[in-house]
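We number each residue from 1, following the sequence as shown.
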Amino acid sequence: KDPEVQAIDGIIAAIYDVISGPPGQARDFNRMRSLFVPGARMMPVGGKSKDAIGIRLMTVNDYVASSGPLLLEKGFHEKELARKVEQFGNIAHVFSTYEAKIEKDNVTLRGINTLQLMNDGKRWWIVSLMWQAETPELPLPAQYLPAAK
């Protein structure tokens, strides 16, 4: 039994960990693939303007092919800032606020990852991962940020 997929905390920590690393560090994309059900989708939402928003529907392999080289070249570190979980039986919905740094470009981004999870009685699986980055016109609302201490 793989402990990182036994609990929601573990699979969320694993998805952030597996894509993060400095320039030149190969990512373990087999580990990444092992977090998702076969046929899972990764779907960035965004656009050039608030009136022209689109979505890219990707498989995990599509994501690896399109983003893998950039993660390796530029260095990319993503961490979770806050989380809201809704769970019923074997399904869960996770709203996970992220902060991502693109090392070589010295860029920091924030946004929301929304994940649909399923537990097959043995472990948790990611069924879909959709995300949207924060923009000046779309700031993150307080309820999705860490609580003030």
Problem - same_hphob_cluster(L115, V85) at 4.5 Å side-chain heavy-atom cutoff - result: yes
Practice task
Look at atom CG of D120 and say whether more than 12 heavy atoms of other residues, nucleotides or ligands are closer to it than 6.0 Å.
Solution key: yes
Fill in the blank from the handout: Distance col, row L71:CG vs E103:CD, nearest 0.5 angstrom, shows 12.0 Å
Problem - Shared hydrophobic cluster, F95 / M118 (ILVMFWY, side-chain heavy atoms < 4.5 Å) - result: no
Practice task
For Q87 and G89, indicate whether the former's side chain and the latter's backbone hold a donor-acceptor pair under 3.5 Å.
Solution key: yes
Problem - Closest non-hydrogen atom pair between N90 and W124, with its separation - result: O-CZ3, 3.8 Å
Problem - CZ on R56 to CE on M43, rounded to 0.5 Å - result: 12.5 Å
Problem - R31: partners by salt bridge (Lys or Arg N to Asp or Glu O under 4.0 Å), with sequence neighbours left out - result: E4, D17
Exercise for the section: Would you give the length of the straight line joining atom CZ of R41 to atom CD1 of I126, rounded to the nearest 0.5 angstrom? Expected result: 14.5 Å
Problem - W131 and Y63 aromatic ring geometry - parallel, tilted or perpendicular at 30°/60° bounds - result: perpendicular
Practice task
Decide, yes or no, whether a salt bridge links D9 with R83 under the criterion of side-chain N to carboxylate O below 4.0 Å.
Solution key: yes
Exercise for the section: Answer yes or no: is there a side-chain heavy-atom contact under 4.5 Å between I91 and Q116? Expected result: no
Problem - Smallest separation among heavy atoms of R123 and I11, with atom names - result: NH2-CD1, 4.3 Å
Practice task
Locate the shortest heavy-atom distance separating Q6 from K122; write the atom from each residue and the value.
Solution key: OE1-O, 3.1 Å
Exercise for the section: Starting at CG of D62, measure out to OG of S67 and round the result to the nearest 0.5 Å. Expected result: 10.0 Å
Problem - Ring centers of Y98, Y16 separated by less than 6.0 Å - result: no
Problem - Rounded distance [0.5 Å steps], CG in D105 versus CD in E73 - result: 8.0 Å
Practice task
May I ask you to decide if L140's main-chain N or O and E134's side chain share a donor-acceptor pair within less than 3.5 Å?
Solution key: yes
Exercise for the section: Verify the neighbour count for atom CD of Q143: are there more than 12 heavy atoms of other residues, nucleotides or ligands below 6.0 Å? Expected result: yes
Exercise for the section: Verify, without hydrogens or angle tests, whether R110 (side chain) and T97 (backbone) share a donor-acceptor contact under 3.5 angstrom. Expected result: no
Problem - Salt-bridge criterion met for E99 and K79 (N-O under 4.0 Å) - result: yes
Practice task
Please tell me if the side chains of M42 and M32 come closer than 4.5 Å, counting only heavy atoms from C-beta onward.
Solution key: yes
